[in-house]
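Supplied in structure tokens, the structure appears directly below.
Nothing fancy with the numbering, it's 1 onward along the sequence. Every value quoted in this text rests on a predicted model; they were computed, and no experiment measured them.
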Amino acid sequence: MTTDTRVGPPHFGTERDTLRAFLDYHRATLAMKCEGLTDEELRQRSMPPSTLSLLGLVRHMAEVERAWFRRVFEDHDAPMVWSDEIDFQAAYDASGSTRAEAFTAWQAEVETSRRIEREAASLDVAGHQPRWGEDVSLRMVLVHVLLEYGRHNGHADFLREGVDGTVGA
């Protein structure tokens, strides 16, 4: 991996600035875990029969961003990126994917999510989560997506170590 250029969250700041910064920090963490790897290395699976790979995580997080920002606050019927149904697991299979495809989709969803968050008047803005059939606040969505990144970045640590050959033998 290259030098760590992530910007950490502020030590003092508004709730919104802090949530936004933590989310961007975790987005940057996922990108950093993928730096310097070939498409083949990014597709390397953790262990059979799992389809989990770094590229699969990037694809999955594009789905998460879309499901929790675009589908909640803009277009409840927006299709998922890699699934005709609402199947988050489909994104994990990156066997035919490339860095360019996965990162282009993920970065587009991240930019849409950032725009939606910026344009919201407050963290109390409500959107409708179609999978739950319930309204949720922007605050809840930011925290949920932040937790998703935190969980999956833990997987990315393990996957990156496996690609670099520093785990197991």
Side-chain angles (χ1 to χ4, degrees), residues 1-9 18-72 74-75 78-117 129-132 140-169:
M1 284 184 295
T2 60
T3 306
D4 187 351
T5 60
R6 297 172 297 169
V7 176
T18 301
L19 288 171
R20 179 187 293 147
F22 264 111
L23 186 51
D24 280 340
Y25 180 84
H26 276 281
R27 288 168 172 150
T29 297
L30 181 56
M32 185 180 77
K33 294 294 178 184
C34 297
E35 284 180 6
L37 299 178
T38 66
D39 284 1
E40 182 179 324
E41 290 169 327
L42 288 168
R43 285 190 297 265
Q44 187 173 318
R45 296 176 178 188
S46 59
M47 64 176 27
S50 174
T51 58
L52 187 61
S53 67
L54 285 166
L55 204 55
L57 286 178
V58 171
R59 288 167 45 102
H60 176 73
M61 292 314 297
E63 298 283 36
V64 168
E65 295 271 359
R66 179 171 287 197
W68 283 100
F69 286 96
R70 186 185 305 244
R71 288 179 49 88
V72 168
E74 285 190 341
D75 181 359
M80 297 304 284
V81 183
W82 286 283
S83 168
D84 292 334
E85 301 106 37
I86 309 298
D87 179 6
F88 287 89
Q89 301 304 311
Y92 285 133
D93 183 3
S95 57
S97 187
T98 64
R99 170 192 292 276
E101 174 207 34
F103 273 82
T104 297
W106 176 58
Q107 290 165 344
E109 291 305 320
V110 166
E111 287 309 310
T112 296
S113 299
R114 286 178 175 145
R115 177 186 49 77
I116 289 168
E117 183 273 322
Q129 175 43 275
R131 290 182 69 215
W132 294 355
M140 184 271 167
V141 169
L142 287 167
V143 170
H144 179 81
V145 174
L146 175 58
L147 291 172
E148 283 283 319
Y149 273 101
R151 179 169 66 112
H152 292 304
N153 281 336
H155 298 139
D157 285 338
F158 175 76
L159 289 163
R160 179 63 194 230
E161 289 170 354
V163 169
D164 288 342
T166 59
V167 172

Give the ring-plane orientation class for W132 versus H144, where under 30° counts as parallel, over 60° as perpendicular and anything between as tilted.
perpendicular
Could you check L30 against H152 for side chain to side chain contact (heavy atoms under 4.5 Å, CB included), going step by step and ending with a plain yes or no?
CA-CA 8 Å; L30 181 56; H152 292 304; over 6 Å; no
If you round to the nearest 0.5 Å, how far is CG of L42 from CG of L54?
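The distance works out to 6.0 Å.
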Report yes if the side chains of L147 and R151 come closer than 4.5 Å at any heavy-atom pair, otherwise no.
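The answer is no; the side chains never approach within 4.5 Å.
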Strictly distance-based, threshold 3.5 Å: is any side-chain N or O of R66 a donor or acceptor partner for the main-chain N or O of P79?
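A pair under 3.5 Å: yes.
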Closest heavy-atom pair and its distance - A78, R70
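So the minimum-distance heavy-atom pair works out to CB-CD, 3.9 Å.
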Check the pair L23, V145 against side chain to side chain contact (heavy atoms under 4.5 Å, CB included), reporting the backbone distance first and the verdict last.
CA-CA 8 Å; L23 186 51; V145 174; 3.8 Å; yes
What's the shortest heavy-atom distance between A102 and V58, and which atoms?
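In terms of heavy atoms, the two residues are closest at O-CG1, 3.8 Å.
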Run the side chain to side chain contact (heavy atoms under 4.5 Å, CB included) test on R114 and E111 for me, step by step, so that the C-alpha distance in whole Å, both residues' side-chain angles and the decisive distance to 0.1 Å come before the verdict.
CA-CA 5 Å; R114 286 178 175 145; E111 287 309 310; 2.5 Å; yes
For V110 and E65, which heavy atoms make the closest approach, and how far apart are they?
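Answer, listing the atom of V110 first, then E65: CG2-OE2, 3.6 Å.
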Can you name the nearest heavy-atom pair linking S113 to R27, along with the distance?
CB-NH2, 3.7 Å
Nearest atoms (heavy-atom pairs only) where A94 meets S53
CB-OG, 4.0 Å
P130 and R71: which non-hydrogen atoms are nearest, and at how many Å?
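Closest approach of P130 to R71, heavy atoms only: CG-NH2, 3.6 Å.
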Any side-chain heavy-atom pair from R59 and V81 closer than 4.5 angstrom?
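With C-beta onward as the side chain, the pair stays apart.
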Is there a side-chain contact between E74 and T112, using heavy atoms and a 4.5 Å cut-off?
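The answer is yes, as the side chains (C-beta and beyond) meet within the 4.5 Å cut-off.
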What's the verdict on ring pair (Phe, Tyr, Trp, His ring centres under 6.0 Å) for W106 and W82, showing C-alpha distance, side-chain angles and the deciding distance?
CA-CA 11 Å; W106 176 58; W82 286 283; over 10 Å; no
Roughly how far, to the nearest 0.5 Å, is CZ of R45 from CG of D93?
5.5 Å
Are L55 and D39 side-chain neighbours, meaning at least one heavy-atom pair lies under 4.5 Å?
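L55 vs D39: side chains apart.
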Sub-4.5 Å side-chain heavy-atom contact between Q129 and W68:
yes
Could you measure the distance from the OG1 atom of T5 to the CD atom of E35? Nearest 0.5 Å is fine.
6.5 Å
Measure the OG1-CZ distance between T104 and R99 for me, rounded to the nearest 0.5 Å.
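T104 OG1 to R99 CZ: 10.5 Å, rounded to 0.5 Å.
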Could you give the distance from OG1 (T29) to CZ (R6), rounded to the nearest 0.5 Å?
3.5 Å
